[in-house]
Amino acid sequence: MQTLAHRLERLGTETAFSVAQAAAAWKAKGNLVYPFHLGDINIPTAPNIVEAMNRAIADGYTGYCPGPGIPALREALAEDIGSRRGIQFSPDNVVVMTGGKPVITKFLQAVMNPGQEVLYPNPGFPIYESQIEYLGGTSVAYRYVPTSTGFAIDLDQIRASITPNTVAIIYNDLQNPISAESTAAEREAIAQLAIEHDLWVLSDEAYFETRYEGISSSITSIPGMAERTVILYTFSKKFAMTGSRLGCAVAPVEIAKVLSTLNTNDESCTTHYVQWAGIEALRGPQEPVQQMLDVLKTRRDAACELLNGIPGMHVAVPQSTFYLFPDVTEAMDRLGYTAVGDFASDALYKTGVSFCTREHFGRRLPGEDRRYIRLAYSGIEAESIHEGLGRLREWIVTA
């Protein structure tokens, strides 16, 4: 009997989608669901971007195009990404891809051999661990510790985890799922470790411009980092283009050439007409971006206030992303739960509030004794945030 490839046993998934399936099944039975589980955006793509895409289709841009992306988009990306980070990039540094996820896979294919170690954040985006292990590498998790303003990377643990077999570190400042943002000192420490141990760095900057206060900084702007860092950039979050599947890698030229060849092998190219929409997104009116941030900020403020008003829950107010990662330890104790998965399931069935848990973003690490959930507020209106979290509070208070 034929068998499938053994490497499939090492392939993970984006576990938030399993929560989405449970929520959809509950909703299909006629129940009300408050969807805090998936980081999609229920704000439509700006009309000028849609018009540019439709115009490109009408103009016949529906065939193949260069594997690394059309020159006009690569030029626009180099200019925009570089200017916002204080770095000079050329189009040769830019490789257009079908969203941000392919950057993870192709970065690992380019720099990691089977058996080599790659450091990645945990809790973190689950595709990091999935792709490291699927491609035959050894995933080495680094952890975060709670602070008064959110979370900080455990730098001592990272230092202790680096071995002669470590080849790269995945660094997600403005982090999904915990919304952690590095201080300048923390960012500098990660950079110095990468330089000292000659590591490649994947800097996942998907939420670089999804912020409400402050200014984002990139690790790439630190001296010595541009030549060892690949930036993951995506149109999904900033421009509400999740379904358009458009992103890019910004990389040293030697890596960019490899990523371009991988593009040719995997997809041939990124959808031609979508790339023209990307040019319009970057160079057209930016008012829709600010309008979306204003909406998201209103949702953030409402969700944080309500969560911090629930007995046994507390969360810091993050300046970026659209995720909240509240500590629910005391709330679970109040209701008699020991497993956060059971708490999440009953919350869905008793209140309609659907959310992910810490366990959806990596294996729990030794020493973890607090319990967390993740709520995304990008796909739920402010009115529903008030209603859903109000029902969650009532359940916990009256149970």
Side-chain angles (χ1 to χ4, degrees), residues 12-43 123-127 175-179 236-237 240 242-243 295-296 298-315 318 321-332 334-362 364 370-399:
T13 187
E14 189 168 352
T15 48
F17 286 108
S18 63
V19 181
Q21 291 174 353
W26 186 240
K27 185 177 180 180
K29 294 179 179 179
N31 299 293
L32 189 61
V33 170
Y34 301 94
F36 288 95
H37 51 269
L38 196 59
D40 204 351
I41 303 171
N42 69 341
I43 299 170
F125 188 48
I127 302 306
Q175 206 249 35
N176 173 21
I178 64 178
S179 294
S236 295
K237 314 304 180 182
T242 54
V295 170
L296 292 174
T298 298
R299 296 178 184 181
R300 179 205 66 175
D301 293 345
C304 286
E305 181 179 358
L306 290 161
L307 284 168
N308 284 321
I310 298 175
M313 290 192 185
H314 57 89
V315 64
T321 81
F322 39 66
Y323 304 109
L324 300 174
F325 203 71
D327 186 323
V328 297
T329 306
E330 280 76 29
M332 287 178 55
R334 181 187 184 102
L335 272 63
Y337 288 97
T338 57
V340 71
D342 294 338
F343 173 71
S345 295
D346 281 359
L348 172 63
Y349 300 137
K350 295 179 184 295
T351 73
V353 176
S354 176
F355 50 78
C356 295
T357 72
R358 183 267 180 267
E359 277 74 3
H360 289 102
F361 300 97
R364 289 179 71 87
R370 307 298 294 179
R371 287 159 287 178
Y372 297 88
I373 62 174
R374 192 206 73 171
L375 296 93
Y377 51 85
S378 54
I380 181 169
E381 303 291 340
E383 181 179 354
S384 294
I385 290 173
H386 280 275
E387 186 175 316
L389 294 183
R391 294 182 66 171
L392 186 66
R393 184 184 190 281
E394 182 180 5
W395 173 51
I396 291 172
V397 169
T398 60

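Here, residue 1 is the first one in the sequence, and each next residue gets the next number.
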Test side chain to side chain contact (heavy atoms under 4.5 Å, CB included) on L335 and W395 and set out the steps. CA-CA 9 Å; L335 272 63; W395 173 51; 3.4 Å; yes
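- Residue pairs satisfying the salt bridge (charged side-chain N to carboxylate O under 4.0 Å, His left out) criterion with at least one member in residues 345-356, sequence neighbours excluded, are absent.
- Proximity of P326 to L375: side-chain heavy atoms (C-beta onward) are separated by under 4.5 Å at one or more points.
- The shortest distance between side-chain heavy atoms of V340 and I373 falls below 4.5 Å.
- Take R374 and apply the salt bridge (Lys or Arg N to Asp or Glu O under 4.0 Å) test, not counting sequence neighbours, and it matches no residue.
- Without hydrogens or angle criteria, N31 side chain to K27 main chain gives no donor-acceptor distance under 3.5 Å.
- Counting only heavy atoms from C-beta outward, the side chains of M313 and N308 never approach each other to under 4.5 Å.
- Distance CD/E330 to CZ/R371: 8.0 Å, rounded to 0.5 Å.
- Distance check, rounded to the nearest 0.5 Å: CZ of R391 to NE2 of H386 gives 16.0 Å.
- Taking CH2 from W26 and OH from Y349, the interatomic distance works out to 7.0 Å, rounded to the nearest 0.5 Å.
- Here the closest heavy-atom approach between residue L296 and residue S378 is recorded as CD2-CA, 3.8 Å.
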Exercise. Going through the checks in order, is the salt bridge (Lys or Arg N to Asp or Glu O under 4.0 Å) test met by E305 and R300?
Worked result: CA-CA 8 Å; E305 181 179 358; R300 179 205 66 175; over 6 Å; no
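- Atoms CE and CZ, on M332 and R370 in that order, are 11.0 Å from each other to the nearest 0.5 Å.
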Side chain to side chain contact (heavy atoms under 4.5 Å, CB included) between T351 and L389, intermediate numbers included: CA-CA 9 Å; T351 73; L389 294 183; over 6 Å; no
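- Pairing each heavy atom of V19 with each of H360, the nearest pair is CG2-NE2, 3.3 Å.
- Across all non-hydrogen atoms, the minimal contact from G39 to A376 is CA-CB, 4.1 Å.
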* Are L348 and V33 close enough, and set up right, to give a side chain to side chain contact (heavy atoms under 4.5 Å, CB included), and what steps lead you there? -> CA-CA 7 Å; L348 172 63; V33 170; 4.3 Å; yes
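- Considering all non-hydrogen atoms of both residues, A23 and H37 come closest at CB-CE1, 3.6 Å.
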Would you please test L32 and E387 for side chain to side chain contact (heavy atoms under 4.5 Å, CB included) and show each step? CA-CA 11 Å; L32 189 61; E387 186 175 316; 3.5 Å; yes
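- Residues I380 and S384 share a closest heavy-atom pair of CG1-CB, 3.5 Å.
- Annotation: the span from I385 atom CD1 to R299 atom CZ amounts to 6.0 Å, rounded to 0.5 Å.
- The shortest distance between side-chain heavy atoms of L306 and I310 does not fall below 4.5 Å.
- No donor-acceptor distance shorter than 3.5 angstrom exists from the side chain of T242 to the backbone of S236, with no hydrogens or angles considered.
- Note that CZ of F355 and OH of Y34 are 14.0 Å apart. Values are rounded to the nearest 0.5 Å.
- The two atoms that bring L392 and A347 nearest to each other are CD1-CB, 4.1 Å, heavy atoms only.
- In this structure R358 satisfies the side-chain contact (heavy atoms from CB on, under 4.5 Å) test together with N122, P123, F325, R364, L365, E368, Y372, sequence neighbours excluded.
- Between Q175 and T321 there is no side-chain heavy-atom pair separated by less than 4.5 Å.
- At least one side-chain heavy atom of L324 sits less than 4.5 Å from a side-chain heavy atom of P318.
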